[in-house]
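This report refers to the structure that appears directly beneath it.
Side chains are part of it too, since the values below use all heavy atoms of this structure and drop only hydrogens, waters and symmetry mates. Model, not experiment: these values are computed from the prediction.
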Amino acid sequence: MAAFYAGFPDTVPLRTVNRQCSSGLQAVADVAASIKAGYYDIGIAAGLECMTVNGIRSVPQVNPRVETFQQARDCLLPMGLTSENVAQRYGVTRQDQDQAAVDSHRKAAAARASGKFKDEIIPVTTKIVDPETGIQKVITISEDDGIRPNSNLAELSRLKPAFKKDGSTTAGNASQVSDGAGAVLLMKRSLAAQKGLPILGVFRSFAAVGVDPAVMGVGPAAAIPAAVQAAGLELNDIDLFEINEAFASQYVYCIKKLELDPEKVNVNGGAIALGHPLGATGARCVGTLLNEMKRRGKDSRFGVISMCIGSGMGAAAVFERGDCVDAPCNVRKVESNDLLSKDAR
């Protein structure tokens, strides 16, 4: 139905994918894989979520055998409790989480003020009903409205835990309840050249991994190394990271676990400030990452997108800046080679 509203003819096929928080990125990976396999030459990977209408509700009745197996039972844990588990198990303090939230809002506010998001946001016109007057009016949304430029540690520290009485996850250091949509156009390079379209980025690799569902937020810490290795790279080859801030606890943990330079991660803020419409996040992150890489030019060749996934997974993908496609890829000096025969050595 959305495709018809967008103007696509009925001859264009479509399918949906559900990988919860990484659905948008999974759609990108699926389209890229299908193009590589020769199933088609061009495709659109899109994701959306309307959390204000379809909020996260409790799971309906399931097979009672779930209760007899710990990890299966943990798949049904409220996401907020998995955040608390990460904080407790890995020693992420409340101050660490609140500081991450402040940083997210600060960077997002700066990016918005400098106009960085204009290249990746399409204004949407819709109708709303004023809750106080009941009057319907037409509005145009042209920027994210969850950014709080004045966010600070003093105010965040006064918020009560949202999921556990003695916990550290609050409404201030977790992603927001948001509506959003994103779309990524992918095609064979030869087709892009034929159509005279700019190549903003090159899809290099994708990895999805499983983790303990009780601490599902650690997913990026496991998925990023897998995706980077699949691209023939190392972590220090990556210039920019977009790691979804589902909760500050898991975001802080993943940065510390991978020993990433904070100056390379979520440079324009993350989900704590921008929101995390579950299905849309992956596609949104692609636009944010590739536009930032374009702005930085030769100082930014490779970028990574990653997020944790409800029920215990993580996903990550590696992208290369589009104007690097003619340069040798994944080239580095080899100090020694043990693959040669003794005679060759």
Side-chain angles (χ1 to χ4, degrees), residues 15-48 182-189 192 199-211 216-244 246 250 254 257-258 260 264-266 270-271 276 278-293 300-322 324-325 329-330:
R15 73 180 177 93
T16 60
V17 57
N18 176 13
R19 205 166 203 154
Q20 301 195 39
C21 299
S22 75
S23 295
L25 184 59
Q26 184 68 57
V28 172
D30 286 357
V31 172
S34 293
I35 291 174
K36 186 175 181 180
Y39 298 155
Y40 45 79
D41 294 334
I42 183 171
I44 295 175
L48 66 93
V184 181
L185 177 65
L186 298 100
M187 67 184 73
K188 291 180 66 173
R189 180 184 173 193
I199 301 174
L200 191 58
V202 182
F203 183 90
R204 288 299 179 199
S205 70
F206 172 79
V209 302
V211 297
M216 66 91 196
V218 304
I224 289 174
V228 170
Q229 183 179 21
L233 301 170
E234 296 177 358
L235 275 178
N236 57 15
D237 294 318
I238 307 302
D239 303 293
L240 286 175
F241 294 85
E242 284 288 329
I243 300 179
N244 185 47
Q250 53 88 209
C254 290
K257 175 64 177 179
L258 297 177
L260 302 181
K264 292 183 177 182
V265 187
N266 294 9
H276 174 31
L278 310 182
T281 287
R284 192 279 298 173
C285 285
V286 173
T288 300
L289 176 73
L290 294 184
N291 276 290
E292 183 61 28
M293 292 174 70
S300 182
R301 180 171 182 176
F302 294 106
V304 162
I305 291 167
S306 186
M307 65 281 295
C308 57
I309 304 170
S311 77
M313 290 180 283
V318 176
F319 293 84
E320 185 175 10
R321 199 179 77 248
C324 289
V325 292
C329 297
N330 307 345

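Residues satisfying the side-chain contact (heavy atoms from CB on, under 4.5 Å) test with L186, not counting sequence neighbours, are V28, V31, A32, I35, A45, V184. A223 meets the side-chain contact (heavy atoms from CB on, under 4.5 Å) test with V209, S306, A316; sequence neighbours excluded. Evaluation of the side-chain contact (heavy atoms from CB on, under 4.5 Å) rule for C21 yields H276, L278 as partners, not counting sequence neighbours. Shown here are the ring-ring contact (aromatic ring centres under 6.0 Å, His included) partners of F319, two or more places apart in sequence or in another chain: F203. Applying the side-chain contact (heavy atoms from CB on, under 4.5 Å) rule to Q20 yields the partners N18, I309, S311; only residues at least two apart in sequence or on another chain are considered.
Judged purely by atom type and a 3.5 angstrom limit, D237 has no side-chain atom pairing as donor or acceptor with the backbone of L233. Between the side chain of Q250 and the main chain of G217, a donor-acceptor pair closer than 3.5 Å is present. In terms of modelled atom types and a separation under 3.5 Å, the side chain of D239 and the main chain of F302 share a donor-acceptor contact.
Note: M293 CE to S300 OG = 4.0 Å, rounded to the nearest 0.5 Å. We find the CD-CG distance between E292 and N266 to be 11.0 Å, quoted to the nearest 0.5 Å. Between the NZ atom in K264 and the CD1 atom in I238 there is a gap of 8.5 Å [rounded to 0.5 Å]. Atoms OG1 and CG, on T281 and L25 in that order, are 10.5 Å from each other to the nearest 0.5 Å. The distance from atom OG1 of T16 to atom CG of L48, rounded to the nearest 0.5 Å, is 10.5 Å.
Listed by first and then second residue, the salt bridge (Lys or Arg N to Asp or Glu O under 4.0 Å) pairs that reach into residues 15-42 are R15-D30, sequence neighbours excluded.
With a 4.5 Å cut-off on side-chain heavy atoms, I224 and V318 do not count as touching. Side-chain contact check for R189 versus I199: some heavy-atom pair is nearer than 4.5 Å. The closest side-chain heavy-atom distance from K257 to P220 is not below 4.5 Å. Contact annotation: the side chain of M216 never approaches that of M313 to less than 4.5 Å [non-hydrogen atoms, C-beta and beyond]. Side-chain atoms of L289 and L240, non-hydrogen and from C-beta on, do get closer than 4.5 Å to each other. Using a 4.5 Å heavy-atom cutoff, the side chains of C324 and R321 are in contact.
Shortest non-hydrogen contact noted between A315 and S22 is CB-CB, 3.9 Å. Heavy atoms only, all atoms of each residue included: F241 and L260 are closest at CZ-CD2, 3.7 Å. Contact record, M307 with N244: CB-CB, 3.6 Å, taken as the closest heavy-atom pair. Taking both residues in full, the closest heavy atoms of A283 and G47 are given as CB-N, 4.4 Å, listed atom of the first, atom of the second, then distance. Of all heavy-atom pairs between A27 and A46, the closest is CB-O, 4.2 Å.
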